[in-house]
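Data block below; observations after.
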Protein chains: 2
Amino acid sequence: MADRENPTVQKLLRSFIQFRKTGWHDKKINGYNPSEYKVLAVIYEGANKKETEMKVSEISQILEVTPPTVTQIINNLDKGGLVERMIDPQDRRAVRIKLTPKGKELTENARKAFFEKYLGLVDYLGEEDSEKLAELLNKVHRYFYELKR
Amino acid sequence: MADRENPTVQKLLRSFIQFRKTGWHDKKINGYNPSEYKVLAVIYEGANKKETEMKVSEISQILEVTPPTVTQIINNLDKGGLVERMIDPQDRRAVRIKLTPKGKELTENARKAFFEKYLGLVDYLGEEDSEKLAELLNKVHRYFYELKR
DNA sequence: ACCTAATAATTAGGTAGCCTAATTATATTC
DNA sequence: GAATATAATTAGGCTACCTAATTATTAGGT
């Protein structure tokens, strides 16, 4: 099994492991976790482009996590006064999530910092290599996705 | 802030998020978790190339996790009879971890399946792009590492 | 119109994979 | 030989998820 020594496999593997450890997800800013910011960002963007507030189920689909996960995160954001729940009058089972002014401000600041960091990364890698990286990562995802079925 | 709409940033971000969700780490095979297999693999490789068994502290350094994390994983591997602890006669504070025959067999099988999967990936991406990907991921890691200081 | 089935959200409880702080045993240094 | 450093462990905690069960509401079939 000399293949096991294949240097490309070794390199790739090491880079994956290191990348997974890369802290491109910061812990706890202003008392909120990365997963909470992700939900805030989805709520913010959804409201911006759809004019109507996001439902729990929609957030859950976008983030690819289960609805209970979203509910729990929202419980906490709600407790912190960043977010408000309102029943959808069209479908009274659904709950629309709305940012409070406080939540909106926090989200906007976080988004700004976040995008600046990533603009910096694109700058560091170069436009062309950044595109290439995105493409390759998508390809890796497709490979593993197809394996699983 | 039109920068926020930078399409390269958006693509890169989406590819990162998807990649992080990619199940290139399978859950539970033969009753053991990915993190347990990682420890097994390190023990296996360490013993192969150093002729002497791995210490907890060495495993911890290689996997970049704290010693308590390693201890706990080894507790479980020990309970399953995959691994044995033996005090190092040279330094009686240290513990050398040795695979039992059962542990060795399991590890060898897992390694085989694992490397086949990654050989398949390199094949899918192509040798050149695989190298490029590893290089770019390392660069991303450097960027975030330098930001943090 | 009525009952069944489907859907939205929630609560409760659990798991993986980490961590820090404190403790114990042994080594090293001055 | 005493103080300090190091190796491993135990105990307990945290994040980011999950599944199963429950409640409320809506939609579909007859």
Side-chain angles (χ1 to χ4, degrees), chain A residues 17-18 20-29 31-43 52-80 83-98, chain B residues 17 20-43 52-80 83-98:
Chain A
I17 288 165
Q18 208 175 35
R20 204 167 32 85
K21 292 223 173 258
T22 296
W24 51 290
H25 43 311
D26 295 312
K27 357 201 92 279
K28 217 164 254 207
I29 309 169
Y32 292 94
N33 299 329
S35 68
E36 291 166 330
Y37 277 107
K38 272 188 241 163
V39 170
L40 287 171
V42 169
I43 296 167
T52 162
E53 315 296 340
M54 279 270 166
K55 297 194 287 181
V56 169
S57 50
E58 291 169 338
I59 299 169
S60 139
Q61 279 180 328
I62 289 171
L63 293 176
E64 293 181 59
V65 297
T66 59
T69 300
V70 175
T71 291
Q72 280 160 4
I73 291 171
I74 286 177
N75 284 346
N76 205 44
L77 296 175
D78 193 2
K79 211 166 10 176
V83 119
E84 252 180 331
R85 269 184 243 246
M86 37 221 306
I87 23 155
D88 183 336
Q90 253 69 59
D91 179 347
R92 295 154 43 71
R93 293 167 303 179
V95 173
R96 301 264 170 199
I97 313 297
K98 193 181 149 100
Chain B
I17 288 165
R20 203 167 33 85
K21 292 224 172 254
T22 295
W24 53 289
H25 42 314
D26 296 312
K27 348 203 101 280
K28 216 163 256 204
I29 308 170
N30 288 312
Y32 292 94
N33 298 328
S35 67
E36 290 166 330
Y37 277 107
K38 274 188 240 164
V39 169
L40 286 172
V42 169
I43 296 166
T52 162
E53 314 296 342
M54 279 269 165
K55 298 196 285 183
V56 168
S57 51
E58 291 169 336
I59 299 169
S60 139
Q61 279 179 328
I62 289 172
L63 292 176
E64 293 180 61
V65 298
T66 59
T69 299
V70 175
T71 291
Q72 280 159 4
I73 290 171
I74 286 177
N75 284 346
N76 204 45
L77 295 175
D78 194 1
K79 212 168 5 174
V83 120
E84 253 179 330
R85 270 183 243 248
M86 36 221 308
I87 23 156
D88 183 336
Q90 253 69 58
D91 180 348
R92 296 157 43 70
R93 295 167 302 180
V95 173
R96 301 264 171 198
I97 313 297
K98 191 181 149 98

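These numbers come from a predicted model, not from an experiment. In what follows, chains are A, B, ... by sequence order, proteins preceding strands, each numbered from 1. Basis for what follows: all heavy atoms, side chains included, without hydrogens, waters or symmetry-related copies.
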Note, A:Ile73 side chain near A:Ser35 side chain (heavy atom, < 4.5 Å)
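Side-chain contact under 4.5 Å: yes.
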Given side chains that start at C-beta, do those of B:Glu58 and B:Glu53 come closer than 4.5 Å, heavy atoms only?
no
Can you tell me if the side-chain N/O atoms of [X] get under 4.0 Å from OP1 or OP2 in [N]?
X       : N      : answer
B:Ser57 : D:dT6  : no
B:Lys28 : C:dA16 : yes
B:Asn33 : C:dT15 : no
B:Asn75 : D:dA8  : no
A:Thr69 : D:dC17 : no

Of the options [options], whose atoms approach the side-chain atoms of [X] most closely?
X       : options                : result
B:Ala94 : D:dA8, C:dA8, D:dC17   : D:dA8
A:Pro67 : C:dG17, C:dT10, C:dC18 : C:dT10
B:Arg85 : D:dT9, C:dA25, D:dA16  : D:dT9
B:Arg20 : C:dA27, D:dC17, D:dT15 : D:dC17
B:Lys55 : D:dA5, D:dA8, D:dA16   : D:dA8
B:Asp91 : C:dA12, C:dA27, C:dA16 : C:dA27

Spacing of [X] atom [atom1] relative to [N] atom [atom2], expressed in whole Å:
X       : N      : atom1 : atom2 : answer
B:Ile73 : D:dT9  : CD1   : P     : 12 Å
A:Ile17 : C:dG17 : CD1   : C1'   : 15 Å
A:Leu77 : D:dT15 : CG    : P     : 13 Å
B:Arg93 : C:dT28 : CZ    : C1'   : 8 Å
B:Asp88 : C:dA25 : CG    : P     : 18 Å
A:Arg96 : C:dA8  : CZ    : P     : 11 Å
B:Met54 : D:dA8  : CE    : P     : 12 Å
A:Tyr37 : D:dT15 : OH    : P     : 13 Å

Heavy atoms only, 4.0 Å cut-off, all strands: where does A:Thr66 land among base, sugar-phosphate and nothing?
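Result for A:Thr66 = base.
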What's A:Ser35 touching, base or sugar-phosphate or nothing? Going by heavy atoms closer than 4.0 Å.
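If one applies the 4.0 Å heavy-atom cut-off, A:Ser35 turns out to touch the sugar-phosphate alone, with no base involved.
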Counting only distance, no hydrogens or angles, is the base of D:dT25 paired donor-acceptor with the side chain of A:Arg92 under 3.5 Å?
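No such pair is found, so the answer is no.
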Would you state whether a donor and an acceptor, one from the side chain of A:Gln72 and one from the base of D:dC18, lie under 3.5 Å apart?
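By the distance-only test, yes, there is a pair.
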Taking all non-hydrogen atoms of both residues into account, name the closest pair between [X] and [Y] and its distance.
X       : Y       : answer
A:Ile43 : A:Met54 : CA-CG, 4.3 Å
A:Val65 : A:Ser60 : O-OG, 2.8 Å
A:Tyr37 : A:Ile29 : OH-O, 2.7 Å

Test salt bridge (Lys or Arg N to Asp or Glu O under 4.0 Å) applied to A:Arg85 and A:Asp78, step by step
CA-CA 8 Å; A:Arg85 269 184 243 246; A:Asp78 193 2; 3.8 Å; yes
Let me know, please, whether A:Glu36 or B:Thr71 comes out on the 5' side of the other along DNA chain D by nearest nucleotide.
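First, find each residue's nearest nucleotide; the 5'-ward one identifies B:Thr71.
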Taking any strand in view, what nucleotide pairs with D:dA3 in a Watson-Crick or G-U wobble way, both distances under 3.5 Å?
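For D:dA3, the partner nucleotide comes out as C:dT28, under the 3.5 Å rule.
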